[in-house]
Amino acid sequence: MKKVAIVGYGLEGRSALRYFQDQGADITVCDRDENKDVPAGVAKRLGPDYLQGLNEFDVVMRTAGMNPAPILEANPGIASKITTTVNEFLRVYPSRNIIGVTGTKGKGTTCTLIVKMLEAAGKEAFLGGNFGISPFDFLPKVHEDTWTVLELSSFMLHDLTHSPHIGVCLMVQPEHLDWHGNKDEYFAAKANLFKNQKSDDVAIYYAESVLSHKIASTSPGDKIAYYDEPGAYIHDDKIMIDQTVLCKTSELKLLGKHNWQNVCAAVTAVWQVTQAPDAIRKVLTTFTGLPNRLELVRELDGVKYYNDSFGSDPYATEAAIEAIPGHKVLIVGGYERMLPLEQFAKTVNNYSKNIRQVLLIGASALRVAEAFKKAGFKNFRITSAKTMPEIVSAARGLAKSGDAVVLSPGFASFDMFTNFEVRGNAFKESVHAL
């Protein structure tokens, strides 16, 4: 009987438990939380010593967000036993009908577009991975004609040993360096999506990103650029592929030119499966985006309120500034990960004529303020507000009719909120309460 340790018992861990129970494995749940609610009859190892003795297991299933380094430090020599739900899914379901998407930003939007386009073209498709759905949850439903789209974070890719038939690398910038240690390790994790592909597989990359091209080039398969030919591209304000016009950029419901990249990436991936212009056009002209991504919450007294809580790095905030027209009151700040701010501050200063005020919140506020000062940007203030209703009220007081109030923090949420979804929901609730 296979002995399995499930390290970290959250959403992924619960899905992995069901998967290995169906296989009749001998399972032990390992988690730092001594009060973790583990089902009756399942062995558990909870508390400070939860990583001890993992060498006795055949499989060590780590939750994606947990770096394997502490596991290996406590149990040297077991690297080959450590895996993740995504890696196991790719191992047991070696279908060619899998599309994997990675990148620093835009993964969720791109994956959702791909699934919707495939469905519009008459294909059955499932979405999983970093999107919050374990592929184990739909594994029993997939068959030879099913397409699976996986959103893959660098945490999931860190020790990936299997690659999908179609891999997509979006724009890449250094991120999660506190987890990976350095940018080279981060880039190497992204490259794992491609390096185990075969010669008849496909690697799609963002044409204007040297890093995206370099990462995809680790694939032995066909390399296809997007945002340029032969993939999907923009020409005369039209989205095109293979000389076929799909729609005008003005017909897109997604805000911002940065989403043009996501659209072209998704179209290029789907074009490898089916050339269905009408189905693709239908999705492009109706899809309005995901929650917490430039989400219009409401308009009140002539002011529009946008929730971009998913924007957890400065690049995302820069994209929001460009995407939302007119004067803006920005809510910026959060958990301090010491990301570089010089370029961000310069971009904000370049758009200063359209920025009514930047309201700085959270642990990063002081460092952002210093970066703004060095860049010559003065339209900011640090607020002492500690709750979202207070923050929204302060932003409302700064806005004028015709403006937009935009929560696009540019930082993670952990100093004030559990995650970006909790932060976004708190913003929406506070706005609706105005």
Side-chain angles (χ1 to χ4, degrees), residues 83-103 107 110-111 113-115 117-119 121-130 135 138-139 141-152 154 156-170 172 187-207 209-233 240-244 262 264-277 279-280:
T83 190
T84 62
T85 56
V86 165
N87 201 43
E88 177 69 5
F89 176 81
L90 291 172
R91 185 187 74 83
V92 300
Y93 183 63
S95 169
R96 291 176 62 82
N97 292 11
I98 301 178
I99 301 172
V101 180
T102 195
K107 297 185 293 294
T110 302
C111 287
L113 282 168
I114 291 172
V115 168
M117 290 175 189
L118 290 173
E119 290 175 338
K123 309 288 185 183
E124 182 181 49
F126 290 100
L127 173 58
N130 195 50
F138 53 75
L139 179 58
K141 303 175 184 178
V142 298
H143 51 80
E144 62 180 10
D145 294 324
T146 303
W147 279 88
T148 298
V149 181
L150 298 175
E151 178 188 338
L152 299 173
S154 59
M156 294 174 169
L157 295 171
H158 178 77
D159 47 10
L160 196 75
T161 56
H162 304 275
S163 298
H165 171 51
I166 299 174
V168 181
C169 187
L170 308 177
V172 175
F187 298 147
K190 296 293 189 185
N192 284 338
L193 175 61
F194 301 97
K195 73 177 188 179
N196 293 301
Q197 286 188 314
K198 299 177 177 61
S199 59
D200 58 349
D201 289 334
V202 180
I204 296 169
Y205 65 93
Y206 177 34
S209 169
V210 173
L211 286 173
S212 178
H213 185 198
K214 182 177 180 181
I215 288 167
S217 292
T218 60
S219 170
D222 291 336
K223 268 73 77 173
I224 301 176
Y226 73 87
Y227 222 61
D228 197 356
E229 296 184 89
Y233 58 99
M240 302 181 65
I241 189 168
D242 278 354
Q243 306 302 313
T244 301
N262 300 328
C264 287
V267 169
T268 304
V270 170
W271 207 254
Q272 311 312 307
V273 180
T274 178
Q275 293 80 49
I280 292 172

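Between the side chain of T110 and the backbone N or O of K107 there is no donor-acceptor pair closer than 3.5 Å. Between the side chain of T268 and the main chain of C264, a donor-acceptor pair closer than 3.5 Å is present. Checked by atom type and distance alone, the side chain of D228 never pairs as donor or acceptor with a backbone atom of A225 at under 3.5 Å. The backbone N or O of C169 sits less than 3.5 Å from a side-chain atom of S212, completing a donor-acceptor pair. Using a distance-only test at 3.5 Å, with no hydrogens or angles considered, a donor-acceptor pair links the side chain of N87 to the main chain of T161. Judged purely by atom type and a 3.5 angstrom limit, Q275 uses its side chain to pair as donor or acceptor with the backbone of W271. One N or O on the side chain of K190 and one on the backbone of G103 form a donor-acceptor pair closer than 3.5 Å.
In this structure, I280 CD1 and I241 CD1 are separated by 7.0 Å, a value rounded to the nearest 0.5 Å. In this structure, the separation between CG on N192 and CG on D159 is 8.0 Å, given to the nearest 0.5 Å.
Between the side chains of H162 and N196, not a single donor N or O lies within less than 3.5 Å of an accepting N or O. Using a 3.5 Å distance cut-off with no hydrogens or angles, the side chains of S219 and Q197 do pair a donor with an acceptor. Side-chain contact annotation: H143 with E124, donor-acceptor N/O pair under 3.5 Å present.
Note on ring orientation: taking the six-membered ring where Trp is involved, the planes of F89 and F138 are perpendicular (angle over 60°, cut-offs 30° and 60°).
Closest approach of A269 to I166, counting heavy atoms only: O-CD1, 4.2 Å.
Contacts of D200 classified as salt bridge (charged side-chain N to carboxylate O under 4.0 Å, His left out), with partners at least two apart in sequence or in another chain: R96. With sequence neighbours left out, the side chain to side chain donor-acceptor pair (under 3.5 Å) criterion links N97 to no other residue.
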Begin from the C-alpha positions of Y226 and Y206 and carry the test ring pair (Phe, Tyr, Trp, His ring centres under 6.0 Å) through to its verdict.
CA-CA 5 Å; Y226 73 87; Y206 177 34; 5.5 Å; yes
One pair to check against ring pair (Phe, Tyr, Trp, His ring centres under 6.0 Å): Y233 and Y227. What are the steps and the verdict?
CA-CA 4 Å; Y233 58 99; Y227 222 61; 9.4 Å; no
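Residues L139 and V92 are in side-chain contact: their nearest non-hydrogen atoms beyond the backbone lie under 4.5 Å apart. Using a 4.5 Å heavy-atom threshold, the side chains of L170 and V168 count as touching. Using a 4.5 Å heavy-atom threshold, the side chains of F194 and I215 count as touching.
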